[in-house]
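Convention: sequence-line order gives letters A, B, ...; per-chain numbering from 1.
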There are 2 protein chains.
Amino acid sequence: MKKPSERLSKNNETGDCQVRDALLIIGGKWKNMIMHALTIQPYLRFNQLKVNIPDISQKMLTQQLRELERDGLVNRKAYAEIPPRVEYSVTKLGLTLTPVYQVINQWQLLHMSEVIKSREDFDDSKS
Amino acid sequence: MKKPSERLSKNNETGDCQVRDALLIIGGKWKNMIMHALTIQPYLRFNQLKVNIPDISQKMLTQQLRELERDGLVNRKAYAEIPPRVEYSVTKLGLTLTPVYQVINQWQLLHMSEVIKSREDFDDSKS
DNA sequence: CGGCATCCAACTAGATACTG
DNA sequence: CAGTATCTAGTTGGATGCCG
């Protein structure tokens with residue numbers, strides 16, 4: 001039996017920093033909303049996405065789309081037209097995220113009320 | 001048939017901002033590692049946690065534990081001793097996160113190599 | 001239309017010092 | 001031992017203006 005400090009001192013070899021890696025790819029404030037919009041409606045132009053995602057700025061939408069494209073989750077197709085047209089779609093790899101987001105979504109549906117209640121109790125106990 | 005702008009303009013009513021809510025609770029750089037450590041080893045003292053989680057600062061560990069406690073995911077038990085002893089454990093609600101983290105972990109295991117490859121291709125194509 | 005570049009405010013997180 | 005407090009560097013994100 002190893003000591004705890006030996007057993008877990010290199011967590012990225014125990015298979016749990018992988019969660020962190022994954023969250024860097026799929027997490028953040030906007031990515032799930034972009035992926036969701038593109039999953040429901042497979043082809044969307046830049047401004048259609050912008051309308052679908054409340055409160056996102058142009059800069060953030062561009063930036064997040066670029067990251068998703070770089071990671072192979074989203075496809076970007078630019079048409080050489082005037083005015084320019086760019087269509088975004090989910091890739092095959094991007095589709096593999098659907099069940100992941102579903103599980104997260106499901107957890108929230110089932111347990112958010114408990115979290116809220118716990119927060120209230122906690123804050124009350126501190127005042 | 002509603003227009004896209006009507007159908008999705010209020011995403012937090014369509015059930016997808018819930019993912020964002022959940023990620024605020026379970027995401028971040030440290031929370032999954034804290035939860036993982038406490039799930040593997042059900043009772044850990046502050047400094048044991050600190051040893052188990054590489055590179056976390058005392059400040060971050062305190063702060064994240066406080067948030068997890070407030071959200072009802074982690075239990076904090078302080079013993080009135082000298083020197084002080086504080087034991088942390090996962091609550092019942094916290095345990096419901098295990099499958100969520102597992103799905104995220106599994107996605108990383110299955111698809112991270114594709115993401116890496118996509119990044120290399122993308123970066124190459126830009127140089 | 002779909003960006004990119006720049007500036008700036010706000011938040012985050014690390015280092016350090018101190019405490020019951 | 002298990003924190004709290006403070007300071008500061010770095011990062012994030014919004015606003016604005018310009019461009020092919």
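Distance NZ (A/K50) to P (D/dG14): 10 Å, rounded to an integer number of Å. Between the CD1 atom of A/I56 and the C1' atom of D/dG13 there is a distance of 11 Å, given to the nearest Å. Here the P atom of nucleotide D/dT12 and the CD atom of A/E67 are 9 Å apart, to the nearest Å. In this structure, the CD atom of A/Q64 is 15 Å from the C1' atom of C/dG3, given to the nearest Å.
Side-chain N/O atoms of A/Y88 include none lying less than 4.0 angstrom from OP1 or OP2 on C/dC1. Using a 4.0 Å cut-off, some side-chain N or O of A/R66 falls inside it from OP1 or OP2 of C/dG3. Residue B/S57 places none of its side-chain N or O atoms closer than 4.0 Å to OP1 or OP2 of C/dA13.
Taken over five-pair windows at either terminus, the axes of the helix from C/dC1-D/dG20 to C/dG20-D/dC1 are inclined to one another by 50° (rounded to 10 degrees).
You'll find that the side chain of B/N47 is closest to D/dA2, out of C/dA13, C/dG2, D/dA2. Nearest to the side-chain atoms of B/T62 among the listed nucleotides C/dG2, D/dG13, D/dT4 stands D/dT4. With distances taken from any side-chain atom of B/P84 to the nucleotides C/dC4, D/dG13, C/dG20, the minimum falls on C/dG20.
Between A/L68 and A/M35 the shortest side-chain heavy-atom distance falls below 4.5 Å. A 4.5 Å side-chain heavy-atom check between A/Q58 and A/F46 finds at least one atom pair inside the cut-off.
The backbone N or O of A/K29 lies less than 3.5 Å from a partner atom in the side chain of B/R20, making a donor-acceptor pair.
Within 6.0 Å of CG in A/L110 there are more than 12 heavy atoms belonging to other residues, nucleotides or ligands.
Nucleotides of DNA chain D nearest to A/W30 and B/R45 differ in position, and the one nearer the 5' end is that of B/R45. Summary of the strand contacts: A/E87 and B/K59 both lie near DNA chain C, and taking for each the nucleotide with the nearest heavy atom, the more 5' one is attributed to A/E87.
The base of C/dC4 sits within donor-acceptor range of the side chain of A/Q58, with an N or O pair under 3.5 Å.
Looking at A/E69 and A/R66, a side-chain N of the basic residue comes within less than 4.0 Å of a carboxylate O on the acidic one, giving a salt bridge.
Geometric assessment of B/K126 against the ring of B/F122 yields a positive cation-pi assignment under the 6.0 Å and 45° thresholds.
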